[in-house]
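Ligands are counted one by one from 1 in listed order, and the atoms in each one are counted from 1 as well. Computed from a predicted model, the values in this text were never measured in an experiment.
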Amino acid sequence: MTLKLPKIIGHRGVAAYAPENTIEGIHTAADMAVEWVELDVKITKDQVPMIFHDDTLDRTTNGSGLVANLTFEEIRNFECGSWFSDSFAGIRIPTLEEALEAVIDRNLGLNLEIKPCPGRERETAEAALDVLSQIWDDHDRLLISSFSLVSMETALIMAQDWPRALLIGEDWPENIAEVHDFLELSCINVNAKTVQREQTEQVMDMGLPILAYTVNDAEEARRLLRWGIDGVFSDAPDMVREALFSVH
Ligand code: G3P
Ligand code: MG
């Protein structure tokens with residue numbers, strides 16, 4: 001396995017330019033010459049893996065309520081484009097399968113973030129990895145990640161050979177080296193706003209690459225690159241591209 005991480009990963013597709021986590025977002029990323037996209041996956045009540053960020057439908061669709069309480073058929077009744085712009089009105093939340101087909105069709109790399117609804121950490125990883133394993137075969141351009149240790153442990157069991165990254169939020173784990181030993185990580189994904197330089201050094205000492213989310217500002221991208229970060233997730237790759245490719 002030779003994981004080839006890009007310097008820029010389009011966040012939720014490219015969330016500044018197309019509705020997040022949609023097929024349209026995947027195509028917009030490819031049109032902008034972004035090499036990889038990050039997408040969030042969670043499961044419906046009837047265990048269908050879908051590309052969606054929030055636990056509830058309210059912010060990004062014309063529906064409401066918990067994703068975990070609705071079936072695939074119910075969720076497909078809602079549209080997820082018009083909150084972003086009228087030009088995207090009517091588009092539907094994609095299944096993982098549909099999103100993977102678009103990512104492969106556009107020859108993109110993928111960071112699939114397992115984003116379980118509370119209490120569904122194991123089954124979300126299982127359902128998502130089951131679909132992923134049937135469709136995806138390019139291990140050099142795939143990274144599976146999650147904030148959930150349970151989801152990551154499930155990924156270790158189901159997909160030991162596939163590159164996996166632990167997502168770290170505001171709270172830095174004291175025992176990160178032990179977590180790495182257990183989960184056999186390929187990368188650590190850190191919060192760009194809260195990560196400290198000593199923490200990035202700790203990860204580099206462990207010999208792992210680091211990605212930072214979510215960076216839409218050139219100055220911030222430059223600082224992180226100086227700290228040794230390998231790449232960033234960005235809603236607006238065009239805003240950080242020059243900064244990332246001009247620093248040596
Ligand atoms: O995977 C990086 C980033 O997407 C993590 O945060 O909340 O945007 O999924 P969030
Ligand atoms: Mg995400």
Side-chain angles (χ1 to χ4, degrees), residues 3 5-23 25-26 28-29 34-43 49-61 67 80 83-84 93-94 96 99-100 103 108-118 120-121 124-125 128-129 132 141-152 155 162-173 183 185-195 199-200 203 208-217 220-221 224 229-237 239-240 244:
L3 178 62
L5 290 172
K7 283 190 175 172
I8 302 175
I9 299 179
H11 186 233
R12 307 184 196 173
V14 270
Y17 300 115
E20 64 185 56
N21 285 320
T22 62
I23 300 295
I26 294 166
T28 307
V34 172
E35 292 170 90
W36 280 46
V37 287
E38 183 259 5
L39 301 169
D40 303 291
V41 63
K42 58 193 339 110
I43 50 172
M50 303 204 70
I51 302 299
F52 202 73
H53 182 274
D54 295 0
D55 289 340
T56 62
L57 292 169
D58 303 56
R59 180 177 62 91
T60 59
T61 79
V67 173
C80 60
W83 72 278
F84 185 86
I93 300 169
L96 172 59
L100 292 176
V103 169
L108 296 166
L110 175 67
N111 175 200
L112 187 65
E113 181 188 341
I114 299 167
K115 192 70 136 183
C117 293
R120 310 192 82 189
E121 290 80 8
T124 302
L129 293 173
L132 188 66
R141 294 200 306 155
L142 173 71
L143 190 61
I144 298 161
S145 65
S146 187
F147 287 104
S148 160
L149 291 171
V150 173
S151 294
M152 289 303 296
W162 293 13
R164 294 176 307 278
L166 180 67
L167 270 158
I168 297 178
E170 288 180 26
D171 296 324
W172 192 260
L183 290 175
L185 301 168
S186 293
C187 185
I188 300 279
N189 297 356
V190 302
N191 183 323
K193 302 285 178 292
T194 58
V195 71
Q199 295 166 337
T200 61
V203 176
L208 289 180
I210 310 172
L211 299 172
Y213 64 89
T214 303
V215 181
N216 298 325
D217 174 76
E220 187 178 30
L224 291 164
I229 276 172
D230 296 85
V232 301
F233 298 90
S234 182
D235 299 317
M239 297 300 205
V240 295
L244 287 171

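Contacts of ligand 1 (protein heavy-atom distance under 4.0 Å) are H11, R12, E38, D40, H53, E113, K115, F147, L167, Y213.
The shortest heavy-atom contact between I8 and S234 is CG2-CB, 4.4 Å. In terms of heavy-atom proximity, M152 sits nearest to I144 at CE-O, 4.3 Å.
Side-chain N or O atoms of E113 include none that pairs as donor or acceptor with a backbone N or O of S145 at under 3.5 Å.
Between K193 and E220, at least one side-chain nitrogen of the basic residue sits less than 4.0 Å from a carboxylate oxygen of the acidic one, meeting the salt-bridge criterion.
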Going through the checks in order, is the side-chain contact (heavy atoms from CB on, under 4.5 Å) test met by F52 and V67? CA-CA 9 Å; F52 202 73; V67 173; 3.8 Å; yes
Show, in sequence, the C-alpha distance, side-chain angles and deciding distance for R120 and I43, and conclude whether the side-chain contact (heavy atoms from CB on, under 4.5 Å) test is met. CA-CA 8 Å; R120 310 192 82 189; I43 50 172; 3.7 Å; yes
Evaluation steps, side-chain contact (heavy atoms from CB on, under 4.5 Å), between V190 and L211: CA-CA 6 Å; V190 302; L211 299 172; over 6 Å; no
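The number of protein N, O or S atoms lying under 2.8 Å from the Mg ion (ligand 2) is 3.
Here salt bridge (Lys or Arg N to Asp or Glu O under 4.0 Å) pairs that include residues 50-60, with residues two or more places apart or in two chains, are E20-R59, K42-D55, D54-R59.
For W172, the side chain to side chain donor-acceptor pair (under 3.5 Å) partners two or more places apart in sequence, or in a different chain, are Q202.
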